[in-house]
Amino acid sequence: MNILVLTAHPDLSSSTANRKWFEALSDVEGIVTRDLTAVGGAEMRFNPSVEQALLEQADRIVMQFPFYWYSSPPVLKAWIDQVLLSGFAYGHGGDKLQGKELLLAVSTGGPAESFQAGAFNRFTMNEFLTPFEQTSLMVGMNYLPPFVLHSAMSRDKSKLEASTSELISYVTSPRLKQRSRQAY
Ligand SMILES: Cc1cc2nc3c(=O)[nH]c(=O)nc-3n(C[C@H](O)[C@H](O)[C@H](O)COP(=O)(O)O)c2cc1C
């Protein structure tokens with residue numbers, strides 16, 4: 001299985017969680033990692049043909065990012081807007097992503113218990129991530145349950161260490177179940 005990891009952090013050099021994940025995933029055979037900020041530069045400009053060729057070679061696409069204002073950092077949105085074009089991802093002849101898998105790997109500052117009705121963040125992570133889920137449905141991809149690390153800025157480094165090996169085994173696991181809408 002070919003796995004493409006799209007890492008969307010504005011500055012991996014100042015990151016703890018996402019840099020650790022990025023470096024660990026980069027060392028795994030069969031995984032191609034791509035630092036979108038390094039590729040797109042300050043202007044966040046992407047060459048759609050290059051990005052689309054990488055997507056076509058992948059069976060599973062991982063979008064890895066820190067949770068910023070209840071969404072992803074803007075570089076991922078810029079990449080999506082410039083790459084998932086008509087004729088490729090949707091519209092006439094736009095079937096190139098059909099059947100591929102999409103898996104989100106997200107780190108949050110907030111603790112797990114804050115992401116529920118009645119708590120500080122009011123909504124679950126699955127609810128916050130629905131634009132990605134619907135995008136994957138729209139382009140015919142199978143949306144896999146997201147991998148989420150909460151309290152990512154915690155000083156307890158053992159949690160980050162554990163999450164890194166869990167992430168690698170999750171991302172490389174051959175059979176993952178697509179989430180059904182009823183799971184909410
Ligand atoms: C601009 C910005 C917005 C953020 N918004 C959220 C948020 O909405 N919810 C949350 O739980 N954490 C939020 N955080 C915390 C980040 O998710 C956290 O710093 C990140 O996951 C840590 O990963 P890193 O070490 O790779 O940078 C935000 C951080 C920044 C800088």
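A quick note: this is a predicted structure, and the numbers were derived from the prediction, not measured. In each ligand, atom 1 is the first atom listed, and ligand 1 is the first ligand listed.
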What's the separation between atom [atom1] in [X] and atom [atom2] in [Y], rounded to the nearest 0.5 Å?
X: N142; Y: L176; atom1: CG; atom2: CG; result: 11.0 Å
X: F67; Y: F128; atom1: CZ; atom2: CZ; result: 5.5 Å
X: E23; Y: T33; atom1: CD; atom2: OG1; result: 10.0 Å

For atom 29 (C) of ligand 1, tell me which residue out of F22, Y70, F120, Y68 has the closest non-hydrogen atom.
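Answer by nearest heavy atom: Y68.
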What is the closest protein heavy atom to [atom], and at what distance does it sit?
atom: atom 11 (O) of ligand 1; answer: G110 N, 2.8 Å
atom: atom 19 (O) of ligand 1; answer: M153 SD, 3.1 Å
atom: atom 26 (O) of ligand 1; answer: S15 OG, 2.6 Å
atom: atom 28 (C) of ligand 1; answer: F67 O, 3.5 Å
atom: atom 22 (C) of ligand 1; answer: S107 OG, 3.9 Å
atom: atom 5 (N) of ligand 1; answer: W69 N, 2.8 Å
atom: atom 25 (O) of ligand 1; answer: T16 N, 2.8 Å
atom: atom 10 (C) of ligand 1; answer: G109 N, 3.6 Å

Is the shortest side-chain N to carboxylate O distance from K20 to E161 below 4.0 Å?
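Salt bridge flag = yes for E161 with K20.
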Would you call R34 and E51 a salt bridge, taking side-chain N to carboxylate O under 4.0 Å as the test?
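Salt bridge between R34 and E51, a charged N being under 4.0 Å from a carboxylate O: yes.
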Do Y68 and P10 have side chains that get closer than 4.5 Å, going by heavy atoms?
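Counting from C-beta outward, Y68 and P10 do come under 4.5 Å.
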Measure the shortest side-chain to side-chain distance between Y143 and L137 over non-hydrogen atoms and say whether it is less than 4.5 angstrom.
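Y143 does not reach L137 side chain to side chain.
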Applying side-chain contact (heavy atoms from CB on, under 4.5 Å) between S107 and each of F65, F147, W21, report the one that passes.
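Only one option passes, and that is W21.
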Check each of V5, L104, I31, L102 against V62 using the side-chain contact (heavy atoms from CB on, under 4.5 Å) test, and report the only one that passes.
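Of the listed residues V5, L104, I31, L102, the side-chain contact (heavy atoms from CB on, under 4.5 Å) partner of V62 is V5.
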What do you reckon, does F115 put a non-hydrogen atom under 4.0 Å from ligand 1?
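Flag set, F115 near ligand 1.
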Considering both backbone and side-chain atoms of [X], is one of its nitrogen or oxygen atoms within less than 3.5 Å of a nitrogen or oxygen in ligand 1?
X: A17; value: yes
X: S14; value: no
X: R19; value: no

Which atoms of ligand 1 have any heavy atom of H9 under 4.0 Å away?
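Within the 4.0 Å cut-off of H9, ligand 1 contributes 24 (P), 26 (O), 27 (O).
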For N18, the ligand 1 atoms whose distance to one of its heavy atoms is below 4.0 Å
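Ligand 1 atoms under the 4.0 Å threshold to N18: 23 (O), 24 (P), 26 (O).
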Between the main-chain N or O of E56 and the side-chain N or O of K96, is there a donor-acceptor pair closer than 3.5 Å?
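No: the side chain of K96 does not pair with the backbone of E56.
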